[in-house]
Amino acid sequence: MSDLKGRTAVVTGGGTGIGLACARRLAEMGVETILMGRQLDRLEDAAKTIAGARAIRCDVTDEDSVAEAFAAAGAIDILVNNAGIAAAAAFHKTPMADWQKIQAVNVDGLVRCSQAVIGPMLTADYARIINIASIAGLRGGAYVAPYTASKHAVVGLTKSLSLEYARTRLTVNAVCPGYVETQIVENAIANIMAKTGRSRDEAIAELAKTNPQGKLIQAEEVAEAVAWLCSPLSGSVSGQAITISGGAI
Ligand code: NAP
């Protein structure tokens, strides 16, 4: 994998799960990583485990917080829009506030962070935006309509921005994982157990069934795709939504 020494990346939601795995993998490639999220203690603990990493508090739903965080971050070559939340409920019983909460993080937050970095990227010799969407960004899903809609928006934004900036060196891509073994999936397992009375193993099997390979994905597998999209030789790849889902499309 090409050396990215001297490049700087922001990973939102970089203190846990997929974001943390991305930050670790990028650091291995020589990238200085900045972990952003709301829980500063957790981010700082994570940053201590990654060479050259920094932690900056940022709530992607808060305009001032995003402005302050990106001002503190300085020049950015790579933005991994990873911060995201999920919830499962019957659509007709979903309060508007719950719908808006998901869009505020998964869509508006991603827009805000992207707008904070894109200006200087348009004249740079290298720039990457990678959006962590989901397989839910490519197909429908029962009981997860707000999340599914938010991830479809992420894929749509990715395709549009890739075209809008095609004459620059900025590429914009999405990765679309199936169920990955992280806190989000831990919450889904707990939800299935509570709502259906199934055991933990049965709940995991239910989620793994959505993957033709019959397993949960690992965060490091998602990070590997992100690392490849960041490599200089992937500069002709843009507007893609790459599935990491054991063959589910
Ligand atoms: P996770 O460990 O729960 O990570 C979510 C991260 O988002 C946390 O680090 C959290 O940090 C951050 N976050 C949430 N709200 C935020 C806000 N308002 N401002 C800033 N940061 C915020 O779960 P994960 O699975 O790694 O999720 C990462 C991404 O992968 C999400 O976009 C998710 O939709 C996507 N994804 C996950 C799966 C899966 O099965 N796990 C599958 C497909 C896609 P703080 O609490 O510190 O803010």
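Note that the structure is a prediction, hence the values are computed from the model and not measured. Side-chain atoms are counted along with the backbone in the values below, which use heavy atoms only and exclude waters and symmetry mates. Read the numbers this way: they start at 1 and go in the same order the structure lists the ligands and their atoms.
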*Asks:* Can D77 and K5 be counted as an ion pair, charged N to O under 4.0 angstrom?
*Replies:* no
*Asks:* Could you tell me which residues satisfy side chain to side chain contact (heavy atoms under 4.5 Å, CB included) with T158, sequence neighbours excluded, listed by chain and number?
*Replies:* N131, V154, V172, A174
*Asks:* What residues form a side chain to side chain contact (heavy atoms under 4.5 Å, CB included) with E202, not counting sequence neighbours?
*Replies:* R198, S199
*Asks:* Rounded to the nearest 0.5 Å, what separation is found between the CD atom of E181 and the CD1 atom of I204?
*Replies:* 7.0 Å
*Asks:* What pairs with D45 under side chain to side chain contact (heavy atoms under 4.5 Å, CB included), at least two apart in sequence or on another chain?
*Replies:* K48
*Asks:* I'd like the contact residues of ligand 1, where contact means a heavy atom below 4.0 Å.
*Replies:*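 Contacting ligand 1 under 4.0 Å are G13, T16, G17, I18, G37, R38, Q39, R42, C58, D59, V60, T61, N82, A83, G84, I85, V105, I132, A133, S134, Y147, K151, P177, G178, Y179, V180, T182, Q183, I184, V185.
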*Asks:* Under the criterion salt bridge (charged side-chain N to carboxylate O under 4.0 Å, His left out), I'd like the reasoning laid out for E220 against R25: C-alpha separation, chi angles, the key distance, then a yes or no.
*Replies:* CA-CA 8 Å; E220 290 71 23; R25 186 66 188 92; over 6 Å; no
